[in-house]
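The figures that follow rest on heavy atoms only: side chains count, while hydrogens, waters and symmetry mates do not.
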Amino acid sequence: GVEDKNIFGSGNSISSNFIVNSEDLKFNINYIQYPILNPNLTNTYSIFNQDNDYTNSFGYKASRRGIGYFIDFKQNDELSYGVGFNYEYFKGHSAVNTSSLSINDNIGNFEDYNFNFSIKFDNSNDFFNPTNGHINKLNVSLSPKDISDNSYYKISLVNKNYRQFDKSNNFLFLNNSYGYAKSLNGKLKTINAFALGGLNFKGFDYKGIGPYDGNIYLGGNEYFTSTIGYGSSFIFDDKDNINVKLFLTTGSIWNSDYTASSDINLRTSIGTSFDLITPIGPISFSYASPIEKNNSDKTRPFNFTIGTSF
C-alpha cells in the first residue's frame with residue numbers, strides 16, 4: 001500500500017492498498033479529511049473493489065464493490081463518536097455444490113446499504129502497546145429492511161483492561177469481546193455472520209472455530225472471547241523494544257441460523273507472543289496451543305501480524 005499524510009500540503013491524507021491472501025483480492029482507497037475549522041472532526045471517504053474466494057470456507061466465490069463515508073467526532077482526549085454509511089454491490093457465484101442452503105442463499109446479485117455507529121473510550125497510556133488503562137468500544141451496524149436485500153443488524157463490544165505494576169513496566173491484561181447479529185428478513189447469511197479463529201482467537205485457524213455443514217463454515221450469530229495475560233520486557237532492561245506476553249483465551253461462537261444446535265461449547269488456548277516495537281508499530285509473533293476444542297475445529301499454532309498486538 002501507499003499513503004500520503006499531507007496530500008497537496010492540505011494536511012489531509014489519502015491511502016490505498018492492494019491485498020492478496022487465500023480468500024481476498026482487494027483494492028481500497030481511503031481519503032481522510034481533517035477540517036481546519038474543527039480539528040475534532042474527521043471525514044473519511046472510501047471506495048473499494050474486492051474479489052473473495054470463499055471456496056474453502058463458505059463454499060462459493062464473491063465480488064464486492066462500493067463506496068462509503070464515515071465521520072468521527074473527538075469530544076476529548078479519551079472519548080470519540082462516529083457515524084457512517086456505505087453502499088455495497090455483492091455478487092455471489094461459483095458454488096461448490098447446490099444442495100447447501102447456506103451456500104445458495106449467498107448466490108446471486110444483492111445491493112445493501114449499511115449505517116454504522118461507534119463509541120470509543122480510551123484512556124490507555126500507549127496507542128500500539130498499552131500497559132495501563134482501559135479501552136471500551138461499541139459498534140452498531142444496521143442494514144435496513146426496506147432498502148437492503150440483506151437486512152440485519154450487528155452489535156460488537158470490546159473491553160480491554162491493562163494494569164501496570166508499581167515501579168515496573170510489567171503488567172496484567174484482561175481483554176473481552178462480544179458480538180450479536182440478527183437478520184431482519186429470514187436467516188442471517190454466513191457472509192454477515194461472525195467468524196472465530198486466527199487473530200481473534202489465537203491457537204485456531206481463521207474461521208477455524210464454529211459449526212460446519214460438512215466442509216462448509218457456518219459461523220454464528222453470537223460469539224465471545226476473554227483473554228487474561230501477563231506482559232513484560234524481554235529480558236530485564238526497561239529500554240528493551242521486545243515485549244513478551246503470556247496469555248490464556250477462552251470463548252465460543254454459536255446460534256447459526258443454518259444449524260439446529262445453539263449450544264455454547266467453550267474453547268480454550270494458551271500461548272505466548274513476542275512483540276517487536278518498531279517505528280511503524282508492533283510486529284508480533286505468537287504461538288498458541290488449544291487445550292479445549294471440538295473435533296471439527298481447525299488449529300493454527302503460529303501467527304504473525306504487523307501493527308497490532310493484544
Under 3.5 Å: donor-acceptor pair, side chain of [X], backbone of [Y]:
X	Y	value
Asn294	Ser296	no
Ser156	Asn139	no
Asn123	His134	yes
Asp257	Leu188	yes

Would you compute the distance between atom [atom1] of [X] and atom [atom2] of [Y] and round it to the nearest 0.5 angstrom?
X	Y	atom1	atom2	answer
Asn97	Asn104	CG	CG	7.5 Å
Arg64	Ile191	CZ	CD1	4.5 Å
Leu41	Ser80	CG	OG	11.5 Å
Ser269	Phe204	OG	CZ	6.0 Å
Lys154	Leu142	NZ	CG	12.5 Å
Lys182	Glu222	NZ	CD	10.0 Å

Side-chain heavy atoms nearer than 4.5 Å, only ILVMFWY residues, links allowed to pass through others: does that put [X] and [Y] together?
X	Y	value
Phe70	Val140	no
Phe121	Ile119	yes
Phe110	Phe58	yes
Tyr287	Ile291	no
Tyr180	Leu138	yes

- Answer yes or no: are there more than 12 heavy-atom neighbours, outside Asn76 itself, under 6.0 Å from its atom CG?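 Yes, enclosed.
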- Query: Should we say atom CG of Asn215 is surrounded by more than 12 heavy atoms from elsewhere, each under 6.0 Å from it?
  - Reply: no
- side-chain contact (heavy atoms from CB on, under 4.5 Å) between Lys298 and Tyr217: does it pass, once the steps are laid out? CA-CA 11 Å; Lys298 300 177 181 178; Tyr217 185 73; over 6 Å; no
Any side-chain heavy atom of [X] sitting closer than 4.5 Å to one from [Y]?
X	Y	result
Thr268	Leu248	yes
Tyr89	Ser63	no
Ile107	Thr98	no
Asn169	Thr131	no
Phe173	Phe247	yes
Tyr258	Asp213	no
Asn40	Phe73	yes
Lys189	Tyr152	no

- Message: Which residues pass the salt bridge (charged side-chain N to carboxylate O under 4.0 Å, His left out) test with Arg300, not counting sequence neighbours?
- Response: Asp205
Any chance the side chains of [X] and [Y] put a donor and an acceptor closer than 3.5 Å?
X	Y	result
Asn185	Ser151	yes
Asn106	Thr190	yes
Asn303	Tyr206	yes
Ser273	Ser286	no
Ser148	Asn150	no
Asn176	Ser226	yes
Ser232	Asn170	yes
Asp53	Thr55	yes

So which heavy atom on [X] is nearest to which on [Y], and how close?
X	Y	result
His93	Tyr60	O-CB, 3.5 Å
Lys207	Tyr212	O-OH, 2.9 Å
Val96	Ile216	CG2-CD1, 4.1 Å
Ser177	Tyr223	OG-CE1, 3.5 Å

- Member of Ile253, Leu266, Leu157 meeting the side chain to side chain contact (heavy atoms under 4.5 Å, CB included) criterion with Phe224: Leu266
Identify every side-chain donor-acceptor pair in residues 193-200 under 3.5 Å, counting partners at least two apart or on other chains, and give the distances.
{"residue": "Asn200", "atom": "OD1", "partner": "Gly197", "partner atom": "N", "Å": "2.7"}
{"residue": "Asn200", "atom": "ND2", "partner": "Ala195", "partner atom": "O", "Å": "3.1"}

- Item | Set of residues satisfying ring-ring contact (aromatic ring centres under 6.0 Å, His included) with respect to Tyr153, sequence neighbours excluded |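 None.
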- ring-ring contact (aromatic ring centres under 6.0 Å, His included) against Phe90, all qualifying residues, sequence neighbours excluded: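 So Phe90 forms no ring-ring contact (aromatic ring centres under 6.0 Å, His included) with any residue.
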- Using a strict cut-off of less than 4.0 Å between a Lys/Arg side-chain nitrogen and an Asp/Glu carboxylate oxygen, indicate whether Arg267 and Asp297 qualify as a salt bridge. yes
- Among all residues two or more places apart in sequence or in another chain, which pass the side-chain contact (heavy atoms from CB on, under 4.5 Å) test with Phe285? Ile283, Phe304
- Those residues at least two apart in sequence (or on a different chain) that pass side-chain contact (heavy atoms from CB on, under 4.5 Å) with Asn132 are Asn125, Arg163, Gln164
- Message: If you apply the rule ring pair (Phe, Tyr, Trp, His ring centres under 6.0 Å), what do you find for Tyr69 with Phe85, and how did you get there?
- Response: CA-CA 5 Å; Tyr69 169 74; Phe85 164 83; 9.1 Å; no
- Please step through side-chain contact (heavy atoms from CB on, under 4.5 Å) for the pair Asp275 and Lys245, ending with a clear verdict. CA-CA 8 Å; Asp275 300 333; Lys245 296 184 179 75; 2.3 Å; yes
- Message: Let's go through Asn265 and Ser252 carefully: what are the C-alpha distance in whole Å and the side-chain angles of both, what is the deciding distance for side chain to side chain donor-acceptor pair (under 3.5 Å) to 0.1 Å, and is it a yes or a no?
- Response: CA-CA 6 Å; Asn265 298 314; Ser252 185; over 6 Å; no
- Task: I would like to know whether Thr227 and Lys202 meet side-chain contact (heavy atoms from CB on, under 4.5 Å); could you show each step before the answer?
- Result: CA-CA 10 Å; Thr227 299; Lys202 292 179 173 63; over 6 Å; no
- Apply the test side chain to side chain donor-acceptor pair (under 3.5 Å) to residues Asn161 and Asn159: give CA-CA distance (whole Å), side-chain angles for both, the deciding distance (0.1 Å), then the verdict. CA-CA 7 Å; Asn161 307 278; Asn159 165 251; 2.8 Å; yes
